[in-house]
Structure formats: structure tokens, C-alpha cells
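So the structure is just underneath, and the comments pick up after that.
Numbering of residues begins at 1 and proceeds along the displayed sequence. Everything numeric here is computed off the predicted structure, so don't read it as measured data.
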Amino acid sequence: MKLRNAFTLVELLVVIAIIGVLIAMLLPAVQQAREAARRSQCSNNVKQIGLGLHNYHDTFGSLPSGWIDDDPYDDITNANLLGWGALLLPFIEQSSLHDAMDSVGAFDGKWFSIPAMTTASAAVPTPYAKTVISGYICPSDPTGSFNLTYGGFAKSNYTGIGGIGYRTDNTPGSLYPVPTGAFYDNSRIKFRDIRDGLTNTFLIGERSTITHPDPLDVKYGTIWIGGRIQTEYYLNNAIVSTTLAYKLNGVPGHHNLTSAHPGGAQFLFGDGSSHFISDTINPVSYQNLGSIAEGNVVGEY
């Protein structure tokens, strides 16, 4: 009788267990490698935005406004509320989109009142405000390409830094502190205005769109096109404050600067460099980095 070679049941179970252990050890390494690649792509997005901002400054003599608003105090006419992300389009290889928006009058009146900006048609199959721009999206952000909280328009994960405020309403009793950063309504900041130094100043930071079991920890993100009403002023510009509600990850606040990257978020500095800022940064250093001309020592970060 010829004997057959075969695995015993015990041997087979041991092999399966070993394979299971190896997979369990390998998966975290694969996930870390993927996140490292996504974080690198996000950093590259930020650098490209920085290059676009520098080219914009070279062309027009200033940075773009955080958004355009002809009556930031009264909030009645609000023309045209396009944000810096829309103004920057020709400088991030999106000239055709910019020209198409210009051809329908988006830079002359309220952008959201123009059908081609918001509603699909035979002539404009993809409304311009719903055109997804990959360079404005962090690949680690877990939601889709559109911000469902704000009209379903194409989202952005990058927002301008307004310092301790994001609009210029400094009327008595106002809830809006005077901005100390580079981006707010009608800002048009010049590099010479950044007296704290380009290497010591935030221009752009990350903002996530993240769901969370605790409603206070939901992150609403932003849209690149601009805003529509007064309560959307913060879509394009963010506060950087010593108040804990405006720190990075893990702190309640729908519109605080945050990211889907573990441990911190990407920030663009005035010199065009991208830095990953830890969510454990000292709050005072954090605020100082968000201001352009306060004269304070930044400190460690």
C-alpha cells in the first residue's frame, strides 16, 4: 500500500495561525505607508497653493483677498463673495475654469445667483462651483469631493488664515475681532505687510470634513468657491486663537483648523514652504504664527 504525504489538521491550523499573525503585522505597516503617501501629496498641494500665491503676488502686487465683499459691515449686497480659492485659479493651472466663470459674470455679481455656477445644463454639464479641483482636496480627508453641508459645492480642505478674526467688522459690540492674519474680506495683503517675517507666518491651513459620533466634533470643512451669506464668512478664512476651541485636532469646534492626518495638520508659510504642525503646539505659538505683524516671538512649534 502506497502512503500519501499530506498535512495533518494540526499542521494546517498552525500555518493558518502564522499567516494570520503575519497579516496582522503587515496591515498597519501598509496603512502607515499609504498615509505617508497621502500626507506627502497633501504637502505638495499646499506647496502648489503657495507657488500660486507667490505668482499672484508677483502679478498683482498683493495676495488675493480672503473673499470679495463690498459691504462687510452691513451684509446686504455681498458682492460677490468669491473666495481666494476662486481668485487663485489662473495660478494653479485652472485658467480655463477662471475664464469660463468670468464669461458668465461670476466676478461681477453674486456668484451663487448665476445659474451656470450652481445648476447643470446642456451648455454647462458641470456647474462651475461644483467643479472638483484635486489640488484643493487632501487625499486623507474621508468624505467625497463635495461639501454637502454647504450647498453640495466642490469642497476644499485648505483655508486662509485670518489671525484672531476673519472679517473686518469692528463695530462696538461686534462678535468679530479685527483680523490679524493675511486673509479676510477685501484683505489684499502685501508681503511687505507681513512684518513678522514670511518664514514665521501662516498663510493657509488645513480644514477637514469629518463625521463624528459627537456632534460637537463634526468638522464641516469648506468650499473653494467662496461663501453665500454672512454665516459662511468663515468658509474661506479661519481663526487662529489661543482659545482651545480653535486649536487643531480633537477639540470641539466645527470650523477649527484640523486634518485627517494623525497628530496634526499641514500649514503653508509665507515663504511658500509647507510644514506639518503638531496638534500639541503651544497655543501662544500657534496664535503668533497666525498673525502677520504683531511683533511677538513665535516660540517652538
Side-chain angles (χ1 to χ4, degrees), residues 45 48-49 51-137 143-160 162 166-168 183-189 204 207 209 220-237:
N45 288 348
Q48 292 303 311
I49 292 172
L51 181 60
L53 289 174
H54 275 253
N55 288 336
Y56 186 103
H57 189 282
D58 290 344
T59 302
F60 296 110
S62 74
L63 295 170
S65 298
W67 67 86
I68 300 173
D69 186 358
D70 60 353
D71 65 338
Y73 292 94
D74 298 322
D75 301 315
I76 297 173
T77 58
N78 291 337
N80 52 28
L81 289 185
L82 286 169
W84 63 266
L87 304 176
L88 195 63
L89 290 176
F91 301 92
I92 58 168
E93 300 182 352
Q94 294 291 336
S95 293
S96 59
L97 176 58
H98 179 276
D99 294 345
M101 290 167 52
D102 191 24
S103 70
V104 297
F107 293 89
D108 301 319
K110 297 178 181 178
W111 67 265
F112 46 89
S113 67
I114 300 170
M117 296 296 295
T118 62
T119 307
S121 66
V124 184
T126 302
Y128 300 132
K130 295 184 179 181
T131 300
V132 176
I133 300 175
S134 60
Y136 283 157
I137 296 178
T143 62
S145 300
F146 302 95
N147 191 316
L148 302 181
T149 302
Y150 296 110
F153 300 115
K155 78 176 186 183
S156 173
N157 290 121
Y158 308 107
T159 187
Y166 47 77
R167 58 176 297 189
T168 56
F183 289 93
Y184 49 91
D185 52 289
N186 309 312
S187 49
R188 295 189 61 81
I189 293 296
I204 303 294
R207 177 184 278 166
T209 49
Y220 287 158
T222 186
I223 55 179
W224 64 260
I225 189 71
R228 295 170 296 178
I229 57 178
Q230 176 183 350
T231 54
E232 292 183 359
Y233 276 136
Y234 41 67
L235 287 183
N236 297 108
N237 307 294

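Pairing each heavy atom of T159 with each of R207, the nearest pair is OG1-NH1, 3.9 Å. Summarising the geometry of S187 relative to P64, their closest heavy-atom pair is OG-O, 3.8 Å, with the distance given to 0.1 Å.
Using a 30° and 60° split on the angle between ring planes, Y136 and W224 fall in the tilted class, from 30° to 60°.
Note: T119 OG1 to I114 CD1 = 11.5 Å, rounded to the nearest 0.5 Å. Remark: I204 CD1 to N157 CG distance equals 12.5 Å, nearest 0.5 Å. Rounding to the nearest 0.5 Å gives a distance of 7.0 Å between CG of N147 and OG1 of T222. Rounding to the nearest 0.5 Å gives a distance of 10.5 Å between CG of L87 and CG of L53. How far CG of L81 is from CD1 of I68: 9.0 Å, rounded to the nearest 0.5 Å. Rounding to the nearest 0.5 Å gives a distance of 7.0 Å between CD1 of I225 and CG of L89.
With sequence neighbours excluded, the residues forming a side chain to side chain contact (heavy atoms under 4.5 Å, CB included) with S121 are A123, V124, listed by chain and number. For S62, the side chain to side chain donor-acceptor pair (under 3.5 Å) partners are R188, not counting sequence neighbours. Every residue two or more places apart in sequence or in another chain that forms a side chain to side chain donor-acceptor pair (under 3.5 Å) with T143 is listed here: D141, K155, T209. Not counting sequence neighbours, the partners of F60 by the ring pair (Phe, Tyr, Trp, His ring centres under 6.0 Å) test are Y56. In terms of the ring pair (Phe, Tyr, Trp, His ring centres under 6.0 Å) criterion, Y158 has no residue partners (sequence neighbours excluded).
Formation of a donor-acceptor pair under 3.5 Å by the D185 side chain with backbone atoms of G66 is not found in this model. The backbone N or O of I137 sits less than 3.5 Å from a side-chain atom of N45, completing a donor-acceptor pair. Side-chain N or O atoms of W111 include one that pairs as donor or acceptor with a backbone N or O of G227 at under 3.5 Å.
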Result block: side-chain N/O donor-acceptor pairs under 3.5 angstrom for residues 95-107, not counting sequence neighbours:
residue	atom	partner	partner atom	Å
S103	OG	A100	O	2.6

Please table the atom pairs, donor to acceptor, closer than 3.5 Å between any side-chain atom in residues 125-135 and protein atoms at least two apart or in another chain.
residue	atom	partner	partner atom	Å
T131	OG1	P127	O	3.3
T131	OG1	Y128	O	3.2

